[in-house]
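The chains referred to below are lettered A, B, ... by the order of the sequence lines, with proteins before strands, and numbering in each begins at 1. Heavy-atom basis, side chains included; hydrogens, waters and symmetry copies ignored. If you're wondering where the values come from, they're calculated on a predicted model, not measured in any experiment.
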There are 2 protein chains.
Amino acid sequence: MAERAAGPGRVGRRRALDEAEVVDAALRLLDRGGVEAVSVRGVAAGIGVAPNTVYTYFPDKAALLRALAERVLAEVDHAAAGSAGLPWRDRVHALAADLRARLLARPGAVGLLLSAPMDGPHALALGETLLAVLGEAGLAPREAARACYLLIVQVLGSVALEVAELEEGPVPAERERVAARREALRAVPAEHFPRTAAMADTVAEYISTEQFTWSIDRVLDGLTAVRPAPTGDAPGTDGTGAPGTGTPGRGRRS
Amino acid sequence: MAERAAGPGRVGRRRALDEAEVVDAALRLLDRGGVEAVSVRGVAAGIGVAPNTVYTYFPDKAALLRALAERVLAEVDHAAAGSAGLPWRDRVHALAADLRARLLARPGAVGLLLSAPMDGPHALALGETLLAVLGEAGLAPREAARACYLLIVQVLGSVALEVAELEEGPVPAERERVAARREALRAVPAEHFPRTAAMADTVAEYISTEQFTWSIDRVLDGLTAVRPAPTGDAPGTDGTGAPGTGTPGRGRRS
DNA sequence: ACCTGAACACCGTTCAAGT
DNA sequence: ACCTGAACACCGTTCAAGT
């Protein structure tokens with residue numbers, strides 16, 4: 001049904017496609033059936049062209065998928081992160097939430113982002129925006145950069161695990177996905193996994209927005225927690241790499 | 001060469017395979033060529049059997065891949081996390097580092113873990129071990145569970161992004177991978193991405209062990225940072241989900 | 001430069017059949 | 001229960017050819 005892409009600029013029969021048109025077709029397939037639905041032949045069929053025509057625009061399928069990943073990142077809304085009125089934590093949350101929402105809306109997309117280097121212009125733009133917010137938060141540039149990666153990893157990783165549980169087809173509402181997890185977790189044998197079984201309700205909520213927000217909050221706490229200054233004063237190499245030394249906070253409440 | 005799996009129990013011609021043998025063959029393919037090298041036909045060929053024989057043991061390829069993911073998790077070393085002498089932070093670091101190392105040794109594996117529900121026994125065991133450590137650290141059970149997911153997401157996510165940059169074939173040493181990133185980052189246009197360009201060296205080190213350890217440390221800081229107690233005293237639903245409220249720490253050093 | 005038909009070496013999966 | 005041959009509807013990619 002209406003596979004032919006009713007773009008207004010179509011002139012005669014088939015002429016002068018461009019990269020964007022090919023990526024559009026790929027995106028349509030991605031939205032319908034996830035990453036594995038994106039095939040060179042499918043894309044070609046989607047724009048009414050022979051399979052090998054795709055190779056006029058991309059050297060191989062991997063290049064097409066990278067372009068598709070970039071295309072998805074292009075839609076992320078940087079505005080919320082940029083609005084200077086908000087506290088910086090809210091701006092990080094806004095950016096993280098927007099990225100998550102976009103990726104949940106296209107269940108195949110996160111796998112794409114995690115399986116190719118994030119080095120395209122829109123990936124860079126995302127990092128740049130986040131760097132700006134973290135810089136305004138008072139983090140030193142080096143810390144801000146590391147924090148940037150930490151946050152991106154957290155967002156992409158959690159969406160990936162969320163999406164991994166989805167069946168084909170439309171994405172159920174969050175509360176139903178949580179309910180399904182809760183049900184499945186009833187099968188966990190308490191004699192082998194006592195803590196997991198005891199906390200099944202919380203484990204069921206791993207994929208929830210609340211857990212997502214909580215995680216980001218803990219990360220932000222960690223980024224701003226007071227900790228002993230690195231050995232020297234020079235910003236060159238600092239010795240924070242050694243694990244376990246320096247335990248600034250301590251567990252509280254029982 | 002020597003594709004035939006020289007298990008000692010082979011009796012006559014071909015008889016009584018079992019699931020494990022099939023997964024073994026899949027693991028061999030995974031190690032040689034990543035996830036995309038794991039094909040039903042390849043696995044069958046690896047054990048000298050017709051392609052459709054695989055369907056005697058697994059209903060479809062997805063089930064085989066899930067079993068393969070479990071198999072990879074089975075090798076994670078829980079001992080370091082369990083040794084009661086160490087401070088709890090060190091134990092978390094040990095577990096995280098071991099998981100990362102295993103996954104870097106099998107570049108295809110992390111994609112496997114991130115594309116199927118982590119609900120097998122070894123996945124549960126990993127969570128249980130981490131829950132125990134976090135419990136001993138003084139986190140309340142509910143916090144410990146959430147923290148557990150936060151940490152797993154961080155480890156899997158960062159390894160996935162690391163691995164995404166790898167070419168086919170043997171994994172170069174970390175310092176070479178960082179150097180390659182540094183070189184590639186010289187192409188980032190400073191007029192569009194000034195902060196990224198300025199911090200290129202740190203960005204190049206995103207995939208380093210040092211960044212990995214730093215990230216885990218910041219997460220652990222966040223988990224133990226003193227923060228305002230949730231609204232009530234009841235451990236039921238707490239209101240921590242609201243973003244932006246509560247800014248326990250503040251950026252320091254300029 | 002852009003597009004094609006035809007072919008290559010692959011896939012996952014099913015089915016009816018054999019032991 | 002376990003394994004097979006043969007077939008189905010697919011893949012990504014290459015090549016020589018056409019405009």
Side-chain angles (χ1 to χ4, degrees), chain A residues 3-5 7 9-26 28-30 32-69 108 111-112 115-116 167-168, chain B residues 3-5 7 9-26 28-30 32-69 108 111-112 115-116 167-168:
Chain A
E3 213 65 274
R4 199 54 173 66
R10 192 57 110 274
V11 187
R13 226 18 183 359
R14 76 183 39 123
R15 40 161 57 270
L17 300 165
D18 61 349
E19 272 188 38
E21 212 161 345
V22 179
V23 176
D24 277 356
R28 258 172 278 144
L29 292 176
L30 183 73
R32 289 178 124 270
V35 218
E36 65 202 18
V38 183
S39 70
V40 173
R41 296 177 107 104
V43 167
I47 54 186
V49 114
N52 42 6
T53 298
V54 172
Y55 293 87
T56 306
Y57 301 95
F58 296 97
D60 53 25
K61 189 188 180 182
L64 169 59
L65 292 182
R66 278 199 302 275
L68 184 53
L112 232 47
S115 58
E167 315 268 331
E168 283 293 291
Chain B
E3 214 65 275
R4 201 54 174 65
R10 192 56 110 273
V11 185
R13 225 19 185 355
R14 74 185 39 126
R15 35 161 59 271
L17 299 165
D18 61 348
E19 273 188 36
E21 212 162 346
V22 179
V23 176
D24 277 356
R28 258 171 279 144
L29 292 176
L30 182 74
R32 288 180 124 269
V35 218
E36 64 202 17
V38 183
S39 70
V40 173
R41 296 177 108 105
V43 167
I47 53 186
V49 114
N52 42 4
T53 298
V54 172
Y55 293 88
T56 306
Y57 300 95
F58 297 96
D60 53 23
K61 188 188 179 181
L64 169 59
L65 292 182
R66 278 199 303 275
L68 184 53
L112 233 47
S115 58
E167 315 271 331
E168 284 294 290

### Where protein sits on nucleotides 14-19 of chain C, one letter per nucleotide: B base, S sugar-phosphate only, - none, heavy atoms under 4.0 Å
BB----
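- At least one side-chain heavy atom of A/Leu30 sits less than 4.5 Å from a side-chain heavy atom of A/Leu112.
- Remark: side-chain polar atoms of B/Ser115 are paired, donor with acceptor, to backbone N or O of B/Gly111 under 3.5 angstrom.
- What you find for B/Ser39 and B/Gly42 is that their closest heavy atoms are OG-N, 2.8 Å.
- A 4.5 Å side-chain heavy-atom check between A/Leu65 and A/Phe58 finds every atom pair outside the cut-off.
- Of all non-hydrogen atoms in A/Ala44 and A/Pro51, the two that sit nearest each other are CB-CA, 3.5 Å.
- Residue B/Tyr57 places at least one side-chain N or O under 4.0 Å from the OP1 or OP2 atom of D/dC3.
- At a threshold of 4.5 Å between non-hydrogen side-chain atoms, the residues A/Glu21 and A/Asp18 count as touching.
- The shortest non-hydrogen separation linking A/Arg66 to A/Ala116 is CG-CB, 3.7 Å.
- A sub-4.0 Å separation between OP1 or OP2 of C/dT4 and a side-chain N or O of A/Thr53 is present.
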Table of protein N/O atoms under 3.5 Å from nucleotides 9-11 of chain D N/O atoms:
| from | atom 1 | to | atom 2 | distance (Å) |
| --- | --- | --- | --- | --- |
| D/dC11 | OP1 | A/Ser39 | OG | 3.4 |

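- Nucleotide D/dT13 holds its P atom 10 Å from the CD atom of B/Glu36, rounded to whole Å.
- For the pair A/Glu168/A/Glu36, a side-chain contact is recorded, criterion being any heavy-atom separation below 4.5 Å from C-beta on.
- With B/Leu29 as reference, B/Val43 is the one residue of B/Val35, B/Val43, B/Leu68 to meet the side-chain contact (heavy atoms from CB on, under 4.5 Å) rule.
- The shortest side-chain heavy-atom distance between A/Tyr57 and A/Val23 does not fall under the 4.5 Å cut-off.
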### Query
Dot-bracket, DNA chain D: Watson-Crick or G-U, under 3.5 angstrom, [ ] crossing, | other strand?
||.|||||...|||||.||
